Colleague: 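Quick one: structure below, then a few questions.
Letters go in sequence order (proteins before strands), and every chain restarts at 1. Bear in mind that the values here come from a model prediction, so they are computed numbers and not experimental data.
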Number of protein chains: 2
Amino acid sequence: MPQRKRATIREVAQATGLSTAAVSYALRGLQVSEETMHRVRRAAAELGYEADPNARALASGRTGMIGVLCGSLEDLWQQSLAVGIGRSLREKDHYGLILDAAGDPDRERTLARQLRGVDGLIVQPVDPAAPFWAGIAENIPLVTIGDALKEARTAAEVVFDNQSGVTLALEYLAGRGHRRVAVLTPTLAETPDRPADRLVTAEAARLGLEVSVQTCPQGLGPAAEAARAVLRDRPSAVFCFSDSIAYGVLKAAGDLGLSVPGDVSVMGYDDHPMSELLGLTTVSWDLEGIVRSAVRLVLGAADGTLRRRRVVQKPTLRERGSVGQR
Amino acid sequence: MPQRKRATIREVAQATGLSTAAVSYALRGLQVSEETMHRVRRAAAELGYEADPNARALASGRTGMIGVLCGSLEDLWQQSLAVGIGRSLREKDHYGLILDAAGDPDRERTLARQLRGVDGLIVQPVDPAAPFWAGIAENIPLVTIGDALKEARTAAEVVFDNQSGVTLALEYLAGRGHRRVAVLTPTLAETPDRPADRLVTAEAARLGLEVSVQTCPQGLGPAAEAARAVLRDRPSAVFCFSDSIAYGVLKAAGDLGLSVPGDVSVMGYDDHPMSELLGLTTVSWDLEGIVRSAVRLVLGAADGTLRRRRVVQKPTLRERGSVGQR
DNA sequence: CATATGGGGTGAAACGGTTCACTGAAGCGA
DNA sequence: TCGCTTCAGTGAACCGTTTCACCCCATATG
């Protein structure tokens, strides 16, 4: 690797006969006269100069990098979310460093702890009650997506109104005559007391539904395998806590020769683009809005110009035909 | 934001009564005795010390960061690829910085140029013939995925044998009696002379197929819209140069009340997990293998221990039922 | 016993920017 | 003309690591 040396700011300074300070200012459009600014910029372009982000980060304390810690990128909807956030950050001259907790609180903790040198953090927490968050949130502007943290004061939060989401889904199922409903929630190894479980149980009790809650992986293959077992009990409907899981259920139903919604109804959660194609009835969130909010909040927190600190997202029910009348 | 100051290496040095050099070595398991190593590690843990990656990068010249420049993250398969690469890099103690050229050569150029402070680059080039690559590949260990670069000597390449892929697809279609085939390739604004086009045209001529090649966006909605127009001409089959496009075609077919494969056959390219669920017949690549190769190659190139420089990926045809006999 | 050997550790110079405190000159009102 | 402000630009400290060139001392070697 020859690794031809890149131009440094000193060389630009030399080429223009200015100090490095002047060059630094000029390139950022600060403090200097129009004329020198152009002179410097031209010289920089000629030399092919681009500032070393590491040196810049060390000196200025800001990296232009935002950590994006996802709950589980196995889930297609979260992939879309991460990609959306990355794109949106790029539009505001930042980079998104996408990280995957893979549904594992330990991994989440390790990643969050190790992460330094970012200006801010967008987290979709796997374990919102974990105590270690406090230490992180104190050091880095942190914005949550989904559940808010329990033990830490974060800079801001984009909260999903899961209560409404669950109510929407279960009321719809109940209204169409379903009584025995299987519920599949994402696998979160070792997270004691998943909040989703409680929501579902409470709501089901209210509606007189007989639910059985189980965890399920998010990959299509594994999810389908888990779903096959569930479908053998012949629930009248399956409520999946992510569209990715619902896709697994659809796969399993197909494999078992069950028709949807004839033999079994399937309700999703999230509304990934593919759900439209598959005709999956699902609880829908405004992905674009979530992305916009999260990015605005984290950048605001990073430079101290934060307005609102809490945005609540309301879900809607997208009726498509995977849930039948019973 | 109080931003409580994080511990520096100097504080750890003070706490242990050693020099910063000793601490630096100790934390990386170099040069020091077992005993001091433990002492330092304990002290570091107590102080909650984590090295500042920027300072480390500036001093050592390596960041532990690999740029992952994707052709278009609109495409679900490329999303999977990016996520896979990110995960694989993380397993080898590196971070993947995922960037999206969004199918636009200009964007690609800008991103590639601006990118500094990474130890290596994995690129799925939008415009492999662009001349600017030479300047980049000369400065950063660069590994391509898909098409190899034309005008630049890269560190290594993972090449897709698209010739075989196209042959596989078109021969299959021809063998099942299709003659009028519409071809949809991803939109690449302004890329003159897309290699895919030539492959298809040549192969179609050989097989006596009547093809019409058109570009198409990758998002489900836009792709479906583009597909509707194509389907009005009633080709007997549509060959899509990415599964995402195929999903759009399936959507359009559904909207128009056309059955697949009854009224129209659809052939995909890539083999995204969802294609199994949708029963899409497609040209399949070994995603895991691609990820492994790319990561191994780029890390090898970054630390100079590179063995093979070129890995060729062969496709297989995954027959699922979206292509009928004509 | 004098001399190589080498493990364990130190001090200080990088790395490539940003920013603070300051200066000289020009502009301006009184 | 004088003092005051503003503008454009400078020099050097600083950011937090890594790493190079040494040094010291204990042990093995001839």
Colleague: Reading DNA chain C from 5' onward, which residue's closest nucleotide shows up sooner: B:Leu18 or A:Ala22?
Modeller: B:Leu18

Colleague: Below 4.0 angstrom, N of the basic side chain to O of the carboxylate: do A:Glu35 and A:Arg39 qualify?
Modeller: yes

Colleague: One thing to verify: whether B:Arg116 and A:Glu50 come together as a salt bridge, which I'm taking to mean a side-chain N less than 4.0 angstrom from a carboxylate O.
Modeller: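 No.
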
Colleague: Taking atom C1' of C:dC15 as reference, at what distance in whole Å does atom CZ of B:Arg62 sit?
Modeller: 15 Å

Colleague: OP1 or OP2 of D:dT18 versus the side-chain N and O atoms of B:Ser60: is any pair under 4.0 Å?
Modeller: no

Colleague: Going by heavy atoms in the side chains, are A:Thr63 and B:Asn54 under 4.5 Å from each other?
Modeller: yes

Colleague: Round to a whole Å and report the spacing from CZ of B:Arg56 to C1' of C:dC15.
Modeller: 15 Å

Colleague: Take atom CG of A:Asp52 and atom C1' of C:dT18, then tell me their distance rounded to the nearest Å.
Modeller: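 Taking CG of A:Asp52 and C1' of C:dT18, I get 13 Å after rounding.
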
Colleague: Under 4.0 Å between a side-chain N/O of B:Ser24 and OP1 or OP2 of D:dT18, yes or no?
Modeller: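 Yes, such a contact exists.
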
Colleague: Between A:Arg10 (CZ) and C:dG17 (P), how many Å, whole number?
Modeller: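 In whole Å, C:dG17 P lies 7 Å from A:Arg10 CZ.
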
Colleague: Rounded to whole Å, please give me the gap between CD1 in A:Ile9 and P in C:dT19.
Modeller: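 For the pair A:Ile9 CD1 and C:dT19 P, the rounded distance is 11 Å.
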
Colleague: Is any side-chain N or O of B:Tyr25 under 3.5 Å from a base N or O of D:dC20, one able to act as donor and the other as acceptor?
Modeller: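 When only heavy-atom distances are counted, B:Tyr25 does reach the base of D:dC20 through a donor-acceptor pair under 3.5 Å.
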
Colleague: Would you tell me if any nitrogen or oxygen in the side chain of B:Arg28 comes within less than 4.0 Å of OP1 or OP2 on D:dT19?
Modeller: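 Yes, such a contact exists.
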
Colleague: Can you tell if the side chain of B:Tyr49 reaches within under 4.5 Å of the side chain of B:Ile9, non-hydrogen atoms only?
Modeller: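 When only atoms from C-beta onward are counted, B:Ile9 and B:Tyr49 do touch, with a gap below 4.5 Å.
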
Colleague: What integer distance in Å separates B:Asp119:CG from C:dC15:C1'?
Modeller: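 Rounded to whole Å, this separation is 15 Å.
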
Colleague: So, does A:Thr20 get its side chain near the phosphate of D:dT10, meaning an N or O under 4.0 Å from OP1 or OP2?
Modeller: no

Colleague: Which whole-number value in Å describes the distance from A:Leu27 CG to C:dG17 P?
Modeller: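 Rounded to whole Å, this separation is 10 Å.
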
Colleague: By nearest nucleotide on DNA chain D, pick out whichever of B:Leu30 and B:Leu58 is the more 5' one.
Modeller: B:Leu58

Colleague: In whole angstroms, how far is the P atom of C:dG17 from the CG atom of A:Asn54?
Modeller: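 Checked: the CG to P distance equals 10 Å.
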
Colleague: Take atom CZ of A:Arg28 as the centre, draw a 6.0 Å sphere, and report whether it contains more than 12 heavy atoms from other residues, nucleotides or ligands.
Modeller: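 Enclosed: over 12 neighbouring heavy atoms sit under 6.0 Å from CZ of A:Arg28.
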
Colleague: Please compare B:Ala21 and A:Ala21 by the position of their nearest nucleotide in DNA chain D and report the one closer to 5'.
Modeller: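 That would be A:Ala21.
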
